[in-house]
Number of protein chains: 2
Amino acid sequence: MTITIKDVAQKANVSIATVSLALHDNVRISPGTKKKVMKVVDELNYRPSRIARGLVLQQTQNIGFLLTNDHFLHTEPFYTHIFLGSEFEARDHNFYVLLNTIPNKFNECDHLPRFVLEKNVDGVIIAGKVPLEIVTCLEADKIPVVFVDFYPPSGEYSAVLIDNVQGGEKATEHLIAYGHRNIGFIGGDMVHPSIRDRFQGYQIALEKFKIPFNMKQVVTRESTTNRKSGYHAAEILLKKNKDLTALFACNDAMALGAMQYIKETGKKIPEDISVIGFDDVVEDLSSDPPLSSIRVPKVEMGIESVRLLMDYLSSKRPKKVLIPVELISRNSVLNINGKY
Amino acid sequence: MTITIKDVAQKANVSIATVSLALHDNVRISPGTKKKVMKVVDELNYRPSRIARGLVLQQTQNIGFLLTNDHFLHTEPFYTHIFLGSEFEARDHNFYVLLNTIPNKFNECDHLPRFVLEKNVDGVIIAGKVPLEIVTCLEADKIPVVFVDFYPPSGEYSAVLIDNVQGGEKATEHLIAYGHRNIGFIGGDMVHPSIRDRFQGYQIALEKFKIPFNMKQVVTRESTTNRKSGYHAAEILLKKNKDLTALFACNDAMALGAMQYIKETGKKIPEDISVIGFDDVVEDLSSDPPLSSIRVPKVEMGIESVRLLMDYLSSKRPKKVLIPVELISRNSVLNINGKY
DNA sequence: AAAATTTAGTTAAACGTTTAACCTATAAAG
DNA sequence: CTTTATAGGTTAAACGTTTAACTAAATTTT
């Protein structure tokens, strides 16, 4: 029913080889025949079957996109935006992106995503932290891999990483520029490298402006990085440090939790305490006041990850890209210069 | 390099046909040979190539998932959860889901998603409202289609739809059960059938409890359904109706906007005004107070949409499914029975 | 015991491409 | 005028499956 290269060949009165070569702009085909073929292609609205193509070319033109279930469901819209970015860029390279979430725990290579088992992808993008076993399994199968927002502790891979240190600096420097000198840091699970890097950025910024670093102004013992732990951390911090004028939370969820605690104690944001977050996932109008944050260009990260994969596919050389971040100034930070 | 059916056949000392038949549990193959083949399959870790399979079977085992750019980027996490549900179910049927966002405006069939042009899907799931032109184009290509959370004005299709009328009823009845008699309705773009249905549910509930319907307590003229229009609608409603004790917003975004307006006028939620939303996309802790809402089982909708597509693929008969919704009672609605 | 049926496999065609190897006519070189 | 090169195609094999049609041996039926 669906029209194939045969139909085109027949109607154009040439062999199917000629059609194929014409479509690939081969020099062997004269301009005249090329035009003739193209006309028929247009008339019949012919498109090569990607499946047949894939079979003979031994390539799938598919990219696997891997993240854990939790990351897909609960860290909206962070990873979904990265995914979408990868879709955009993949389209330009005529690739499809096959999403596959994996369980948070991973035991055996048997449970690798289908597209890996069935050799249905030319490469895989891994977004966020995943069980290391899966990396080992992919390694064994020699599947090209690009990591996004995560880098395994050992090995040499292509990766798209957020410049978290720079982000931590920018956030802290923004507070400093607005006159703040007693700045609390709300960190979560310090095992996660992003959090560590943001913390490092915080320290670098303090040092740069000769502000003494005080371990009392830092909470790094929360085991999670959600709203609840932000609330809890703010409580600890503000009870212990009466002189804090600003808080830097290492993600927006924690910042929201901190804001909630601050409000519940009857204090005003930003008049009494300024708050800045990280990730910029809180939509513009959905916190009160709108939360200043560090924007991470998620779609761009997805785009970049596909580029790195394409690059690796041809060069076989891993490459790392650091994605710069941007300060988004809204109304949760008060300029207190000259006030105290 | 990658092992094929030939390798298995060779090592098991049978023909490739035998391997294939054994893998499909064909009766022609004796249990002994079957076992022998399976052993080799296991040893070599063989998996049939889905591409070769697709070519001979003339089926892709792919499902296209279509939504507009806007829906993917701005209506988080609604459609992404539906998408994930479809991925789950597709996996069980050994299908892949190819996501493709389309621009909000659509001109010509040339710009159909690649997977349609290249005949790379056996069917398409369309989530949310899309330009009607695209439906026409798909119709012309005779591609099986399942709609989710949208139904085109004409034609007979498989569809997974939210029981919005029921939802409107449940929300309104909840308010009524809690003693509210003056209930405002915040609707958005009434062109969208979901909104109309939710409004209808509101009316049905009022009627059921013999509460007079008052057009003054209703805003249906907002052109969008976001936070901002919720804010605006609440303003109109509360200025006009001093006796309102509760608001039913036809989605959570508008509910949040309404809450913001209420708070800004110095009133308390739920003490002064109760608010209930719809969709339950606001995460448990991220509004203050936590917003009561009507939960829509998004993942289940995705699952159901794949089931309908599978069903259609074998039966060629369109089928519609109404998805029931659930009241999620949190703290934005006050029980005022006996208070007035 | 011959014929018919059943069992358990094999052979080969088909799916729709790509492309190396081959062919034929024409142009250029010797 | 013969040989060689070039231009512009065509033929056929290959990719990895599935499956209809075939076959040979074993078993059952007559």
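The basis for the numbers below is simple: all heavy atoms, side chains too, and nothing from hydrogens, waters or symmetry mates. Below, chain A is the first sequence line, B the second, and so on; all start at residue 1. No experiment lies behind these values; they were computed from the predicted model shown.
In the 5' to 3' direction, nucleotides of DNA chain C lying under 4.0 Å from heavy atoms of chain B begin and end at C:dA8 to C:dG16.
A:S20 comes within 4.0 angstrom of a base, heavy atoms only.
With rounding to whole Å, B:L21 atom CG is found 14 Å from D:dC22 atom C1'.
Between B:I323 and B:V296 there is no side-chain heavy-atom pair separated by less than 4.5 Å.
Applying a 4.0 Å cut-off to non-hydrogen atoms, the residues of residues 22-35 of chain A that approach DNA chain C are A:H24, A:R28, listed by residue number.
The pair A:E304-A:K320 does not count as a salt bridge, with every side-chain nitrogen at least 4.0 angstrom from each carboxylate oxygen.
Counting only residues at least two apart or in different chains, side chain to side chain donor-acceptor pair (under 3.5 Å) contacts with residues 126-142 of chain B comprise B:E139-B:Y157.
With sequence neighbours left out, B:F65 forms a ring-ring contact (aromatic ring centres under 6.0 Å, His included) with B:F83. Among residues two or more places apart in sequence or in another chain, the ring-ring contact (aromatic ring centres under 6.0 Å, His included) test is passed with A:F88 by none. In this view, B:K319 and B:D311 satisfy the side-chain hydrogen bond (donor to acceptor under 3.5 Å, both in side chains) rule, not counting sequence neighbours.
The environment of B:Q59 atom CD is dense: over 12 non-hydrogen atoms of other residues, nucleotides or ligands sit within 6.0 angstrom.
Remark on DNA chain C: of its neighbouring residues B:S15 and B:L57, the 5'-side contact belongs to B:S15, judged by nearest-heavy-atom nucleotide. Taking for each of B:I51 and B:T18 the nucleotide of DNA chain D with the nearest heavy atom, the 5'-most of the two is the partner of B:I51.
Here the CG atom belonging to A:L322 is positioned 4.5 Å from the CG atom belonging to A:D163, to the nearest 0.5 angstrom.
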